[in-house]
Protein chains: 2
Amino acid sequence: MQSSLIDHINKFIELTDADIGLINSAVVVKSIKKKTFLLQPDHICHEIYFVSKGCLRLYFINKKLNEQITQFAIENWWITDYHSLENNVPSNYYIQAVENSEVVCINKNKLDDLFEKVPRLERYFRIVQQRAFSAAQKRIEYIYSFTDEERYRHFRSLFPGFIQRIPQYMLASYLGFTPQFMSKIRAKKI
Amino acid sequence: MQSSLIDHINKFIELTDADIGLINSAVVVKSIKKKTFLLQPDHICHEIYFVSKGCLRLYFINKKLNEQITQFAIENWWITDYHSLENNVPSNYYIQAVENSEVVCINKNKLDDLFEKVPRLERYFRIVQQRAFSAAQKRIEYIYSFTDEERYRHFRSLFPGFIQRIPQYMLASYLGFTPQFMSKIRAKKI
DNA sequence: CGAATTTCTTAATCTTGATTCATTTTTTGA
DNA sequence: TCAAAAAATGAATCAAGATTAAGAAATTCG
């Protein structure tokens, strides 16, 4: 039984059985219950996470003491705090399971070793990072193109399935407005 | 005389003379005058640009017919529309020189060939993309943490030199507010 | 140099979405 | 199964920043 991470990597590069062995021995697969934290503020982030099942969120507490979600990760997405990971500085973020989930964890040092042993993985992660950056570029475009209400309708039309999976207040947080405002626009006909 | 792109790559990976030759034969260095466009809407973006001198901006025209700048690139930064580049679809964006500039242009197909010939370049671009994504994560954090006025003051304290180089209205556009509001907050004492 | 263009400023009014506070509905888990 | 916690809603007031409409100042370049 192939892990879903290996399946995902295989979509971008070819792996030998030896490569797969090396990858599998570098990762730890964890089943985590809803609300479990994988990262909390003031801790240095040492791992990147691949979601094989479920949903995680990345958020921080803003000055008004509200949760501000900056990213969700569902099946086949990576999530981590790259700033903390790369600069070895304490994070401001929480990474938390929104649903019971299964994640593939890779420690940063082990990942660096793995790049030495399986150089083709550089290509896989180059492509993954480029897609992530491209998505971030699009997101910034949307933030500056639409009003909050438009962004909600747009998001709902793009990911109709996803909004069923999470509480409305989390979507409001991700979109950058209050649950009250969310209620207001949901109360309007279409 | 080494190009500044080669210098930059050399900070992350080791290149042989043969590698350098291959890279140099894949790129085109252009000197472009202020206001020159490297990309315009409805065109598919086929190149990525490395700024060796000067400053470029990436922007689109929003629904209110105003320019919305989403990115600047100064010396040693890459800039392109990855969405258009990767999916071969027409761009919504302009890429324009803000100052007389020198850019290293790499065609996407030539870059793909180059990855075959110089696989270690995957590593360089993996790191560059990861940094770009990390910067985008931080930017989204700031967008949702601060008011517009706070973001202006924060940006000014982070990049005091840069704000001298560009017209104020471009900074207002990048920060997502109007030139009038920019004037208002600049008129306040400190 | 001097006219044209770009850029910046001021001020009055208006809008989107926040805040506050209260209530209702839904979900969870002992 | 039912009490407690979590999530969603509603309405009144408020604030940050947009809009509109002039003008003033600074650059550019023929």
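Protein chains get the first letters and strands the later ones, always in sequence-line order, with residue 1 at the start of each.
In this structure, B:Tyr169 places its OH atom 11 Å from C1' of C:dT5, rounding to the nearest Å. The nearest whole Å value for the distance from the CG atom in B:Leu171 to the P atom in C:dT7 is 14 Å. What separates CD1 of A:Ile185 from P of C:dG17 is a distance of 8 Å, to the nearest Å.
Residue A:Asn88 places its CG atom among more than 12 non-hydrogen atoms of other residues, nucleotides or ligands, all under 6.0 Å distant. Heavy atoms from other residues, nucleotides or ligands lying under 6.0 Å from NE2 of A:His43 number 12 at most.
Heavy-atom contacts of chain B under 4.0 Å fall on DNA chain D between two terminal nucleotides, which in 5' to 3' order are D:dG17 to D:dT28.
A:Lys184 is linked by a side chain to side chain donor-acceptor pair (under 3.5 Å) to nothing, counting only residues two or more places apart in sequence or in another chain. Taking A:Arg139 as the reference, nothing meets the salt bridge (Lys or Arg N to Asp or Glu O under 4.0 Å) condition, with sequence neighbours excluded. For B:Lys34, there are no salt bridge (Lys or Arg N to Asp or Glu O under 4.0 Å) partners two or more places apart in sequence or in a different chain.
Residue B:Arg186 has no polar side-chain atom (N or O) positioned under 4.0 Å from OP1 or OP2 of C:dC8.
Residue whose closest nucleotide on DNA chain C sits further toward the 5' end, between B:Lys35 and B:Met182: B:Lys35.
The minimum heavy-atom distance between A:Pro90 and A:Ser84, with the atom names listed, is C-OG, 4.1 Å.
Rotation axes derived from the C1' atoms of the five outermost pairs at either end of the helix from C:dC1-D:dG30 to C:dA30-D:dT1 lie 60° apart, to the nearest 10°.
Under the 4.0 Å criterion applied to side-chain N and carboxylate O atoms, A:Glu99 and A:Lys53 are not assigned as salt-bridge partners. With respect to A:Lys11 and A:Asp7, no salt bridge is recorded, no charged nitrogen being found less than 4.0 Å from a carboxylate O.
By the 4.5 Å heavy-atom criterion applied to side chains, B:Asp19 and B:Arg120 are not counted as neighbours.
Residue A:Tyr93 forms a ring-ring contact (aromatic ring centres under 6.0 Å, His included) with just one option from A:Phe60, A:Tyr82, A:Tyr59, and that option is A:Phe60. Checking each of B:Leu111, B:Ile9, B:Val104 against B:Ile23 for a side-chain contact (heavy atoms from CB on, under 4.5 Å) leaves exactly one that passes, namely B:Ile9.
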Protein-proximity profile, nucleotides 18-30 of chain C, B/S/- by nucleotide at the 4.0 Å heavy-atom cutoff, equals BBBB------S--

